Amino acid sequence: ILNVEQSPQSLHVQEGDSTNFTCSFPSSNFYALHWYRWETAKSPEALFVMTLNGDEKKKGRISATLNTKEGYSYLYIKGSQPEDSATYLCAFVPGGSTLGRLYFGRGTQLTVWP
Amino acid sequence: DTAVSQTPKYLVTQMGNDKSIKCEQNLGHDTMYWYKQDSKKFLKIMFSYNNKELIINETVPNRFSPKSPDKAHLNLHINSLELGDSAVYFCASSLSGSSYNEQFFGPGTRLTVL
């Protein structure tokens with residue numbers, strides 16, 4: 001069983017605050033890491049797929065970094081808005097795994113208060 | 001146009017019944033997946049098909065049987081439903097089975113077994 005940990009489990013911030021959370025995964029045998037955004041009553045939507053150590057990806061106010069050697073990825077949200085409220089999932093892909101097989105973490109639930 | 005659609009959205013049924021959930025994608029993808037969201041909102045892969053061929057077959061009861069009539073459809077049939085089958089089931093698709101490709105999720109089917 002692969003251990004993909006996300007922290008914190010939940011987070012409450014004020015509108016305008018910047019925030020970040022962590023996805024930890026086994027540092028050996030890395031292949032890819034996915035980030036998804038999951039709003040309540042909707043379905044998960046892909047944010048980033050990260051593949052190389054040192055990768056930095058950005059989409060609007062959301063960005064992510066990847067450190068495969070130490071086994072973590074950070075997701076940053078700059079100037080949080082209420083519409084950023086969602087659960088953010090990461091999914092790890094180890095090398096040699098079956099194609100498309102993602103190991104999801106349990107997510108960080110973000111609530112942004114106006 | 002809905003990219004990945006599932007029917008029905010809600011399904012309430014009695015223990016022991018047999019039911020099916022349908023999934024269709026119009027993205028031209030050749031890989032489709034079924035996930036189960038457990039009571040703790042954890043996404044677990046159940047099956048995946050690539051070009052109508054079963055690729056991922058996780059340890060699920062053999063009462064669950066996926067069927068892919070063509071690349072655009074992946075249906076999930078469940079025999080002899082049990083209380084513990086109550087969950088939200090998500091279908092997803094990706095361009096290919098490559099783990100570098102993001103997955104696109106359907107809206108989910110909430111199954112309640114009474």
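The structure presented is a predicted model; accordingly, all values stated were derived computationally and were not measured.
- What you find for A:Arg106 and B:Phe42 is that their closest heavy atoms are NH1-CB, 3.2 Å.
- Open room surrounds CD on B:Glu53; 12 or fewer heavy atoms of other groups in view lie less than 6.0 Å from it.
- In this structure, the portion of A:Leu89 lying under 4.5 Å from any heavy atom of chain B is its side chain and not its backbone.
- Contacts between residues 10-31 of chain A and chain B, defined by a heavy-atom separation under 4.5 Å, are made by A:Tyr31.
- Contacts between A:Phe48 and chain B at a heavy-atom distance below 4.5 Å are absent for every atom of the residue.
- Each of A:Tyr88 and A:Trp113 belongs to its own hydrophobic cluster when Ile, Leu, Val, Met, Phe, Trp and Tyr are linked at side-chain heavy-atom distances under 4.5 angstrom.
- A:Tyr76 and A:Leu66 are members of different hydrophobic clusters when ILVMFWY side chains are connected at heavy-atom separations under 4.5 Å.
- Taking the side chain as every heavy atom from C-beta outward, A:Lys42 and B:Phe105 never approach each other to under 4.5 Å.
- Cluster annotation: B:Met46 and B:Leu54 are assigned to the same hydrophobic cluster (Ile/Leu/Val/Met/Phe/Trp/Tyr, side-chain heavy-atom contacts under 4.5 Å, transitive).
- Other residues, nucleotides and ligands contribute at most 12 non-hydrogen atoms within 6.0 Å of the CZ atom of B:Arg110.
- Proximity to chain A is limited to the side chain of B:Glu58, based on heavy atoms less than 4.5 angstrom apart.
- B:Leu11 is connected to B:Trp34 through a chain of hydrophobic side-chain contacts under 4.5 Å among Ile, Leu, Val, Met, Phe, Trp and Tyr, so both are in one cluster.
- The number of heavy atoms from other shown groups lying within 6.0 Å of CD (A:Gln109) does not exceed 12.
- Taking hydrophobic clusters as Ile, Leu, Val, Met, Phe, Trp and Tyr residues chained together by side-chain heavy-atom distances below 4.5 Å, B:Val88 does not share a cluster with B:Met32.
- Each of A:Leu33, A:Val93, A:Leu47 has some count of heavy-atom pairs under 4.5 Å with chain B, and the biggest count is that of A:Val93.
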Side chain to side chain contact (heavy atoms under 4.5 Å, CB included) for B:Lys44 and A:Phe104? Distances and angles first, verdict last. CA-CA 8 Å; B:Lys44 294 181 184 177; A:Phe104 280 91; over 6 Å; no
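- Only the side chain of B:Ile45 has a heavy atom closer than 4.5 Å to any heavy atom of chain A.
- A:Pro44 has its side chain within reach of B:Phe90: a pair of non-hydrogen atoms, C-beta onward, lies under 4.5 Å apart.
- Separating the CD atom in B:Gln37 from the OG atom in A:Ser43 is a distance of 11.0 Å, to the nearest 0.5 Å.
- Nearest approach of B:Tyr35 to A:Gly100, heavy atoms of both residues: OH-O, 4.5 Å.
- Contact annotation: the side chain of B:Glu102 never approaches that of A:Glu45 to less than 4.5 Å [non-hydrogen atoms, C-beta and beyond].
- With a 4.5 angstrom heavy-atom cutoff, B:Asn50 does not touch chain A via any of its atoms.
- Looking only at distances, no side-chain donor or acceptor of B:Tyr33 sits under 3.5 Å from a matching main-chain atom of A:Arg101.
- The heavy-atom pair separating B:Ser99 from A:His34 by the smallest distance is O-NE2, 2.7 Å.
- Considering only heavy atoms from C-beta on, B:Leu43 comes within 4.5 Å of A:Trp38 through its side chain.
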